[in-house]
Amino acid sequence: MVYLKIDHIGIAVKDLEAAIRMYGLLTEPQETEIIEVPQEGIRVAMLQVGDVRLELLQPITEQSTVSRFLQRRGPGLHHIAIRVGNIEDAIQKTRSHGFQLIDDVPRPGVCGAKAAFIHPKSTEGSLIELYER
Ligand code: ZN
């Protein structure tokens with residue numbers, strides 16, 4: 001099986017600490033670590049909701065794609081991440097289905113994960129992340 005489950009839902013936010021407090025009211029109490037991902041120009045916090053996580057994304061540079069997203073569309077749903085068993089297999093299979101990938105090779109994700117994004121042009125407007133961890 002290539003595509004396993006929804007791993008997380010990415011949400012673009014302007015103020016990460018405020019978003020952690022607000023979304024924290026909708027989850028069980030939990031410790032949350034803020035992780036900087038300088039190569040993506042973002043700070044990230046993950047909140048567990050049952051089996052799925054919310055990935056809160058705050059840009060820290062103007063060049064970040066999340067920064068451009070916030071300018072164009074405002075805060076809110078940014079992407080849906082599908083957990084895959086093997087990212088290279090998933091990229092190959094996804095491409096063979098005719099999807100346009102943003103990443104031809106996996107990019108490093110948070111905490112040693114590997115990720116590749118499918119362009120929203122080929123998914124009726126939703127940014128989908130293939131995610132191996
Ligand atoms: Zn993600």
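Just so you know, these numbers come straight off a predicted model, no measurement behind them. One-based numbering, in listed order, for ligands and for the atoms of each.
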Quick one, Met1 with Leu4, criterion side-chain contact (heavy atoms from CB on, under 4.5 Å). Give me CA distance, side-chain angles, the key distance, then yes/no.
CA-CA 7 Å; Met1 212 158 51; Leu4 302 177; 4.1 Å; yes
Between Gln58 and Val66, is any pair of side-chain heavy atoms under 4.5 Å apart?
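Heavy-atom side-chain distance check fails, nothing below 4.5 Å.
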Return yes when at least one N/O/S atom of His79 is nearer than 2.8 Å to the Zn ion (ligand 1), and no when none is.
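For His79, the answer is yes, given that an N, O or S atom comes within less than 2.8 Å of the Zn ion (ligand 1).
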Could you pull out the atom name of the N/O/S atom in [X] that is nearest the Zn ion (ligand 1)?
| X | result |
| --- | --- |
| His8 | NE2 |
| Glu129 | OE1 |
| Glu55 | OE1 |

Count I, L, V, M, F, W, Y as connected when their side-chain heavy atoms are under 4.5 Å apart, and connections chain through other members. Are Leu56 and Ile9 then in the same cluster?
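Linked, Leu56 and Ile9 end up in one cluster.
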Should the pair Glu40-Arg107 be classified as a salt bridge under the 4.0 Å nitrogen-to-oxygen rule?
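Yes, charged N to carboxylate O under 4.0 Å.
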